[in-house]
Amino acid sequence: MSDGVVLGVDIGTTSTKVVAYDTEGEQLAHHSVGYPLDEPHPGWAEQDPLTIFDAVVECVRTVAGELPGPVAGLSFSTAMHSLIGLDAEGVPLTPSVTWADSRASAQAERLRAAPPGLALHRRTGTPVHPMAPLPKLVWFAEQEPMLFERVSHWVGIKDYVLLRLTEALVTDHSVASATGLMDIHHLVWDAQALGIAGIVEEQLPQLVATTTVLPGLTAEAAVATGLPADTPVVVGAGDGPLANLGLGAVRPGVVACSIGTSGAMRVAVERPAVDPLGGVFCYALTEDRWVVGGAINNGGIVLQWAGDALAPELGEDSEEELLALAERAPVGSGGLIMLPYLLSERAPHWSALPRGAYVGLTHGHRREHLIRAALEGVCQQLALVLASVRAAGNEVREIRASGGFARSPLWRQILADALGMPVRFPAGHEGSSFGAALLGMQALGLIPSIDVAADLVEIDETVSPDPAAAATYAALLPLFSELYDALVPTFASLRRLAPSLPPEPSPTPAPM
């Protein structure tokens, strides 16, 4: 075992996972603890910060206890866009409002339509969307004004965990670049954004680099985790940029694509930039490395829905049977297009308005066509994100993909065909936790640079596009894109009518 063992602490939406890595990238121990995502009202998605802190402590203590030698440091990854209000003593006054929470949809749409909307996006790197803390702060100011006035500090979930572990009230440039409140070009809190949010800079954590090393743990945290009090704590970054690092997609031109329950596509760049139409985000990784890309709400959740709605007799664990059905349908699903916006959508449109739709349905279509069209819709949406990444001026030389979808040869092939490029699948690293550990190793001087990730991550398989299938998807992509614009008035009308209609079916859990 290498002398330098770093614990990558990944605070996710459904669980916290801690993985111990050495400087060769070998995984030495791991542990995870799950927790619920509460949905007390339609569109709300929140969590208990204390529960998440306890999960972090348990995971760190368990993994550290399994190692035969010392821990060189902790380094953190976190789900982005969370928001927690704290009182003057650091006690939460609100739950952790997660990225999946859409209660601020009206505020986001109003801000996005206003003259500063696109300028805010370009300056802060964060789309004006209900996922982001900026619209959430406006919601709290408008809907919970008494609570809003009581809040001393607004933080994210990782900021809260670090405060409890180290007594440092800090946030890194990566997490801050996903708030809609930081000027990504000058790495300072943005005065106009703060004015819109109705807060002052003193209510936010101190901005620090992702490689900042905090001096150690409090006495209480040291006892709880089982680590020495002087264990270095690296502040770390957001899970999206760190997933790029964990896949070895850290050099310009190498895109990281993931499809889990949701999905994303990101490319590393050396300078922050957003495309002219505002189709992508731009989040920090380190001071000289950023990621440009977009996340989609609807990934594997679409296949889950297809199983529930179209083949309920197959039961809960029906993924293989559903994919076998989809394989019976031809490329292009016989002219059937699905807009997979079951949980509205993010990139590249960044709107809470859209709903799912099938277009082109005929008497000849069967459920295998509907299921395949759902898979194709997810991949076509990622193709739109890839086009926006290119529109931001980025070269795309290589695509690396990960996520639960990769278990399916069919879905791997559809992705390669829809993107029109070979897709490379790395052998199993744990994504964001590995990225956090690598970032920590650089911060602690255990590796020369995070660029070593490109060499540490081995490629398991490369799937090349089938020329005929790729041509079919390329011909369908403009139609897929146009359908969104054509249906926006319908989406808006459905929202206006919603209060007068019978209740919607119970929502599927928000994507993780």
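In this structure, Arg495 contributes its side chain and Ala352 its backbone to a donor-acceptor pair below 3.5 Å. With hydrogens and angles ignored, the 3.5 Å screen pairs no side-chain donor or acceptor of Ser77 with any backbone N or O of Asp10. For Arg122 (side chain) and Pro276 (main-chain N/O), a donor-acceptor pair under 3.5 Å exists by modelled atom type. Distance alone, capped at 3.5 Å, places no donor-acceptor pair between the Ser481 side chain and the Leu477 backbone. Side-chain N or O atoms of Asn244 include one that pairs as donor or acceptor with a backbone N or O of Arg266 at under 3.5 Å. No donor-acceptor pair under 3.5 Å is formed between the side chain of Glu395 and the backbone N or O of Pro252. Under a 3.5 Å cut-off, the side chain of Ser102 and the backbone N or O of Gly43 do form a donor-acceptor pair. Proximity of a side-chain donor or acceptor of Thr98 to a complementary backbone N or O of Glu46 within less than 3.5 Å is not detected. A distance-only check finds no donor-acceptor pair linking the side chain of Thr166 to the backbone of Leu163 [under 3.5 Å]. Judged purely by atom type and a 3.5 angstrom limit, Thr211 has no side-chain atom pairing as donor or acceptor with the backbone of Ala443.
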The test is side chain to side chain contact (heavy atoms under 4.5 Å, CB included); show your working for Val97 and His81 and say whether it passes. CA-CA 8 Å; Val97 182; His81 312 296; over 6 Å; no

Could you walk me through whether Leu37 and Thr13 pass side chain to side chain contact (heavy atoms under 4.5 Å, CB included), step by step? CA-CA 7 Å; Leu37 182 70; Thr13 308; 4.2 Å; yes

Decide yes or no on side chain to side chain contact (heavy atoms under 4.5 Å, CB included) for Leu227 and Leu217, but give the supporting numbers first. CA-CA 8 Å; Leu227 293 173; Leu217 303 167; 3.9 Å; yes

Using the side chain to side chain donor-acceptor pair (under 3.5 Å) rule, take Trp99 and Ser82 through it: C-alpha gap first, then chi angles, then the decisive distance, then the call. CA-CA 6 Å; Trp99 67 268; Ser82 59; over 6 Å; no

Go through the steps for Asp451 and Arg289 under the test salt bridge (Lys or Arg N to Asp or Glu O under 4.0 Å), then give the verdict. CA-CA 10 Å; Asp451 287 336; Arg289 205 66 53 86; 3.0 Å; yes

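Side-chain atoms of Val161 and Phe76, non-hydrogen and from C-beta on, do get closer than 4.5 Å to each other. Val175 places a side-chain heavy atom less than 4.5 Å from the side chain of Thr78. Contact annotation: the side chain of Val56 approaches that of Val9 to within less than 4.5 Å [non-hydrogen atoms, C-beta and beyond]. With contacts defined as side-chain heavy-atom distances shorter than 4.5 Å, the pair Leu245/Leu242 qualifies. The side-chain heavy atoms of Thr16 and Tyr35, taken from C-beta on, include a pair separated by under 4.5 Å. Counting heavy atoms from C-beta outward, Glu109 and Leu353 have side chains that approach closer than 4.5 Å. For the pair Leu169/Gln206, no side-chain contact is recorded, criterion being any heavy-atom separation below 4.5 Å from C-beta on. Side-chain contact between His173 and Leu207 is present, with at least one heavy-atom pair separated by less than 4.5 Å.
Once rounded to the nearest 0.5 Å, the distance linking NE2 of His349 with OH of Tyr484 reads 5.5 Å. Atom NE2 of His30 is separated from atom NZ of Lys17 by 8.0 Å, given to the nearest 0.5 angstrom. To the nearest 0.5 angstrom, Tyr283 atom OH is 10.5 Å from Asp239 atom CG. Atoms CD1 and CG, from Ile196 and Leu134 in turn, are 6.0 Å apart once rounded to the nearest 0.5 Å. From Leu247, atom CG reaches atom OG of Ser258 across 8.0 Å, with rounding to the nearest 0.5 Å. Note: Met265 CE to Cys257 SG = 3.5 Å, rounded to the nearest 0.5 Å.
The two atoms that bring Val269 and Arg271 nearest to each other are CG2-O, 3.3 Å, heavy atoms only. Across all non-hydrogen atoms, the minimal contact from Ala347 to Gly294 is CB-CA, 3.5 Å. Listed here is the closest heavy atom pair of Thr126 and Gly180: OG1-N, 3.3 Å. Taking each heavy atom of Ala284 and Pro241 in turn, the nearest pair found is O-CG, 3.5 Å. Between Gln47 and Pro36, the shortest heavy-atom contact is NE2-O, 3.2 Å.
With respect to the salt-bridge test (charged N to carboxylate O, under 4.0 angstrom), the residues Asp275 and Arg390 do not qualify. A salt bridge links Arg424 to Glu398: one of the charged nitrogens lies within less than 4.0 Å of a carboxylate oxygen. Between Glu144 and Arg150 no salt bridge is recorded (no basic side-chain N to carboxylate O distance below 4.0 Å).
Atom CD of Glu142 has more than 12 neighbouring heavy atoms from other residues, nucleotides or ligands inside a 6.0 Å radius. Dense packing is recorded around CD of Gln143, with more than 12 heavy atoms of other residues, nucleotides or ligands lying under 6.0 Å away. With a 6.0 Å radius and a threshold of 12 heavy atoms from other residues, nucleotides or ligands, Arg110 has its CZ atom above the threshold.
Side chain to side chain, Thr171 and Asp159 meet the donor-acceptor criterion of an N or O pair below 3.5 Å. Checked by atom type, the side-chain pair Gln192/Arg123 shows a donor-acceptor distance below 3.5 Å.
Considering Asn298, Ile296, Asn297 as possible partners of Arg346, the one that fulfils the side-chain contact (heavy atoms from CB on, under 4.5 Å) test is Asn297.
A cation-pi geometry, defined here as NZ or CZ lying under 6.0 Å from the six-membered ring centre and within 45° of its normal, does not hold between Arg355 and Tyr341.
Ring planes of His41 and Trp44: perpendicular class, angle over 60° (limits at 30 and 60°).
Ring-centre distance between Trp154 and Trp189: not below the 6.0 Å cut-off.
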